[in-house]
Amino acid sequence: MRAHSSATTASRIAVATEQERPGLGTLQAGLGVIAFSLTFPATAWGLEGFGPWSLVAVRSVLAAVIAGGALIAVGVPPRERSRAWGSVPLPARRHWFGLAVVAAGVVLGFPLLTTLALQTSTTAHAAVVVGLLPLTTALFSALRVGTRPSRTFWAAALAGAAAVLAFTVQQSGGALSTADLYLFAALLVCAAGYTEGGRLARVMPGWHVIGWALVLCLPLTVPVAAFALTREPVQLTAHSVTGLLWVAAGSQFLGLVVWYRGMAAIGIPKASQLQLAQPLLTLVWSVLLLGEHLPVAAPLTAAAVLVCIAVTQRARG
């Protein structure tokens with residue numbers, strides 16, 4: 001009984017620590033954004049040697065193996081358990097719906113839709129479209145969690161989204177392609193996953209959120225990976241292997257671990273606005289790693305977005 005109480009207390013302290021250190025929370029969310037900013041270039045590398053379905057399924061399986069190993073090594077506090085699956089206790093039933101939303105949006109939906117888009121879109125173009133994710137996440141947060149940011153916050157968020165949207169329209173000539181439709185769908189499912197994950201991270205350690213979402217997807221991702229690898233060509237190169245390893249370990253697991261911890265500490269709306277910097281970081285990586293041409297409008301968009309980030313971080317939520 002004492003062991004149960006100690007584990008429960010330790011879990012509560014861990015969650016409280018995430019929520020009571022906003023400076024650390026901002027740093028963690030920022031590290032998550034840096035990790036995410038490398039996702040599109042790494043995906044482009046991965047597509048050099050894998051098909052889109054193979055890349056998405058294999059990255060999810062590899063990330064789940066890492067997450068499962070961490071869950072087994074560290075253990076799960078008794079208050080988060082419901083029943084055991086083998087020797088590993090499953091999360092409490094009250095968390096299953098939220099974990100399913102995280103899995104559908106962050107583990108499966110967003111990676112698949114963006115990977116399909118990157119078959120015909122440049123990483124630079126995809127990055128600026130996904131730059132609308134912060135505003136989308138803030139909207140989902142208002143609807144799902146009941147957050148009520150100030151008018152200043154919304155004005156700055158809308159201004160940042162408008163800057164990103166104007167950049168996108170200017171680069172695409174005003175026409176939406178199939179890749180754009182994939183990207184806009186990715187925005188919706190990812191925002192839902194971020195919001196639900198941020199909500200769960202207030203009642204359980206942030207890394208458990210993405211860890212369990214990845215593990216619970218294994219019954220689907222393992223057979224899909226096995227089937228896709230037999231149907232799509234595979235060419236193992238330095239780029240394709242590096243890209244796969246990064247999207248699996250960096251983007252799919254470690255990046256989301258610090259991201260959800262940051263969201264729990266500073267709130268979903270403010271954390272989401274840090275992602276306004278993500279498309280601009282991705283533009284830099286696309287030039288350095290992929291040799292893509294940097295649009296002339298990028299520095300202006302960068303300045304506008306950084307101002308919006310500063311305003312949203314100071315606005316009361």
For this session: Check whether any side-chain heavy atom of Thr137 lies under 4.5 Å from a side-chain heavy atom of Leu187, and answer yes or no.
Result: no

For this session: Check Ala191 against Thr136 and note the closest heavy-atom contact, atom names and distance.
Result: CB-CG2, 3.5 Å

Problem set entry | Note, Leu108 side chain near Cys217 side chain (heavy atom, < 4.5 Å) | yes

Exercise. Would you say the side-chain atoms of Ser54 pair up with the backbone N or O of Phe50, donor to acceptor, closer than 3.5 Å?
Worked result: no

Problem set entry | Qualifying residue, where the test is side-chain contact (heavy atoms from CB on, under 4.5 Å) with Pro41 and the options are Leu290, Val284, Val247, Leu118 | Leu290

Exercise. In terms of side-chain heavy atoms, does Ser240 have a donor or acceptor partner in Glu48 at a distance below 3.5 Å?
Worked result: no

Problem set entry | Phe253 vs Trp207, ring pair (Phe, Tyr, Trp, His ring centres under 6.0 Å): CA-CA, chis, key distance, verdict | CA-CA 8 Å; Phe253 181 64; Trp207 73 273; 7.1 Å; no

Exercise. Given side chains that start at C-beta, do those of Leu200 and His208 come closer than 4.5 Å, heavy atoms only?
Worked result: no

Exercise. Just by distance, with hydrogens left out, do Ser251 and Thr39 show a side-chain donor and acceptor under 3.5 Å apart?
Worked result: yes

For this session: Apply side chain to side chain contact (heavy atoms under 4.5 Å, CB included) to Thr114 and Phe40, showing your working.
Result: CA-CA 8 Å; Thr114 53; Phe40 285 175; 3.7 Å; yes

Problem set entry | From CG (Leu99) to CZ (Arg93), nearest 0.5 Å | 13.0 Å

For this session: Could you pull out the closest heavy-atom pair between His125 and Thr122, with the gap in Å?
Result: N-OG1, 3.1 Å

Seminar exercise, completed: Minimal heavy-atom distance between Ala103 and Ala213, with the atoms involved, is CB-O, 3.8 Å

Exercise. Quick check: does any side chain N or O of Glu292 sit under 3.5 Å from a backbone N or O of Ala124, one acting as donor and the other as acceptor?
Worked result: yes

Exercise. Val203 versus Arg94: any side-chain heavy-atom pair under 4.5 Å?
Worked result: no

For this session: Give the C-alpha distance, both sets of side-chain angles, the deciding distance and a yes or no for side chain to side chain contact (heavy atoms under 4.5 Å, CB included) between Arg199 and Thr195.
Result: CA-CA 6 Å; Arg199 185 186 67 82; Thr195 299; 5.8 Å; no

Problem set entry | Atom pair CD (Glu232) and CG (Leu55), whose distance is rounded to the nearest 0.5 Å | 9.0 Å

For this session: Indicate yes or no: at least one non-hydrogen side-chain atom of Leu274 is less than 4.5 angstrom from one of Thr26.
Result: yes

Problem set entry | Centroid separation Trp259 to Tyr194 less than 6.0 Å | yes

Exercise. Under the 3.5 angstrom rule, does the side chain of Ser121 hit a backbone N or O of Ala117 as a donor-acceptor pair?
Worked result: no

Exercise. So, do Met204 and Trp212 sit near enough that their side-chain heavy atoms are less than 4.5 Å apart?
Worked result: yes

Seminar exercise, completed: Output for pair (Thr43 OG1, Leu244 CG), nearest 0.5 Å, gives 10.0 Å

Problem set entry | Between Thr242 and Trp45: side-chain donor-acceptor atoms closer than 3.5 Å | no

Exercise. What distance do Leu289 atom CG and Leu38 atom CG have between them, rounded to the nearest 0.5 Å?
Worked result: 7.0 Å

For this session: Apply the test side chain to side chain contact (heavy atoms under 4.5 Å, CB included) to residues Thr237 and Gln235: give CA-CA distance (whole Å), side-chain angles for both, the deciding distance (0.1 Å), then the verdict.
Result: CA-CA 6 Å; Thr237 65; Gln235 184 178 359; 3.9 Å; yes

Problem set entry | Gap separating the OG1 atom of Thr123 from the CG atom of Leu283, nearest 0.5 angstrom | 7.5 Å

For this session: Determine the sole option in Val106, Val101, Val209 for which the side-chain contact (heavy atoms from CB on, under 4.5 Å) test with Glu196 is passed.
Result: Val101

Problem set entry | Phe36 atom CZ, over 12 foreign heavy atoms within 6.0 Å | yes

Problem set entry | Atom CH2 of Trp53 with >12 non-hydrogen neighbours under 6.0 angstrom | no

Problem set entry | Which residues share a side chain to side chain contact (heavy atoms under 4.5 Å, CB included) with Val222, sequence neighbours left out | Val61, Leu218

For this session: For Ala35 and Trp246, work out which heavy atoms get closest and say how close.
Result: O-NE1, 3.5 Å

Exercise. Which atom names give the shortest non-hydrogen contact between Leu116 and Pro52, and what distance separates them?
Worked result: CD2-CB, 4.0 Å

Problem set entry | Check against side chain to side chain contact (heavy atoms under 4.5 Å, CB included), Val107 and Ile210 | CA-CA 8 Å; Val107 176; Ile210 186 58; 4.0 Å; yes

Exercise. When rounded to the nearest 0.5 angstrom, what distance separates OG1 in Thr301 from CZ in Phe167?
Worked result: 5.0 Å

Problem set entry | Test item: side-chain donor near acceptor, Ser37 and Trp285, under 3.5 Å | yes

